[in-house]
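Notes follow once the structure below has been shown.
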Amino acid sequence: MKLIRSIAEWNPHWLNHLQKSQKIGLVPTMGALHQGHLDLVGKSKVMMDVTVVSIFVNPTQFNNPEDFKKYPITLEADLEKLKESGTDYVFVPSVETMYPNQTRLTLDFGDLERVLEGKFRPGHFNGVGTVVSKLFHIIKPHIAFFGQKDLQQVAIINRLVQDLSFDLHLEVVPTRREMDGLAMSSRNLRLNDEERKKALLLFESMNQAKNRLLEGQAWREVKESVRINFEREKHTQLEYFELVNPDSFALYGEFNSEQKSSICIAAFVGEVRLIDNLPIIP
Ligand code: PAF
């Protein structure tokens with residue numbers, strides 16, 4: 001496994017693989033790797049000739065400076081896991097490499113970013129779109145791998161690829177969960193034991209809501225009971241719990257079993273903000 005820190009270091013490797021007509025897979029990450037990330041690597045290993053994992057905690061996508069400061073950094077352990085997974089290259093650029101100048105161009109994803117993550121984290125998707133565009137230009141992958149856990153991010157990057165004509169394909173990998181159902185996330189590392197138990201409320205709420213919707217209960221009632229449950233549970237704060245079209249992120253006011261739909265949730269458990277989603281009608 002080769003550690004690459006600059007664009008100049010990567011370019012000769014890229015050219016070498018291009019000359020051999022080898023297909024390159026990119027797994028963009030912010031490090032603090034868990035099995036969910038390794039699933040993306042595994043998928044790339046199966047589908048591609050060469051797998052590149054990028055590790056870069058992108059400052060421009062954090063709307064909250066405290067969240068950025070506290071984002072877990074575990075580079076040594078990450079490199080160990082990637083070596084074991086058979087990753088070919090790890091791209092670990094500096095902030096200066098990714099942002100030699102302050103980026104002036106801004107991206108507006110329209111309706112897609114006026115709801116959920118876009119609404120509660122202003123500027124977040126501009127930062128994601130900017131850094132992902134840069135990674136696509138630098139690494140030039142044939143396929144980029146993303147987790148379904150960040151469902152709205154997937155829709156945003158899909159739009160980015162279409163609107164800017166990136167010559168690549170996106171591959172979305174299902175959310176990896178802990179045994180009890182909690183979605184794996186780098187942020188879980190910041191939960192203490194008590195918070196870790198409370199964090200299960202996200203998955204339980206979505207699961208119960210799914211069952212109740214499929215039994216015919218009204219979405220309004222289901223949503224209200226989730227809100228009340230969160231209010232009762234100390235040290236948790238529900239930010240949103242919505243039923244959406246997973247492609248357009250249009251919010252539904254009612255459940256319709258004929259329409260593609262997913263539940264999306266964001267909540268604070270202690271000081272840690274967690275998100276998750278569950279397909280209801282895929
Ligand atoms: O999903 C993430 O970890 C980040 O948003 C990404 C795609 C690596 C961009 O920084």
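All ligand and atom numbering here is 1-based and tracks the order in the structure.
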**Request:** Answer yes or no: are there more than 12 heavy-atom neighbours, outside Gln259 itself, under 6.0 Å from its atom CD?
**Result:** yes
**Request:** Verify whether the ring centers belonging to His137 and Phe166 lie closer than 6.0 Å.
**Result:** yes
**Request:** Find all atoms of ligand 1 within a distance of less than 4.0 Å from any non-hydrogen atom belonging to Val131, and give their numbers and elements.
**Result:** 9 (C), 10 (O)
**Asked** Going by the order shown, which atoms of ligand 1 are within less than 4.0 Å of some heavy atom of Pro28?
**Response** 8 (C)
**Message:** Just checking Tyr89 against Trp10, ring centres under 6.0 Å apart?
**Reply:** yes
**Message:** Quick test of your reading of the structure: of Met30, Gln153, Gln61, whose heavy atom lies closest to atom 9 (C) of ligand 1?
**Reply:** Gln61
**Request:** Please step through side chain to side chain donor-acceptor pair (under 3.5 Å) for the pair Tyr99 and Thr60, ending with a clear verdict.
**Result:** CA-CA 10 Å; Tyr99 294 100; Thr60 67; 2.8 Å; yes
**Fill in**
Near Thr29 (heavy-atom distance under 4.0 Å), the atoms of ligand 1 are 8 (C)
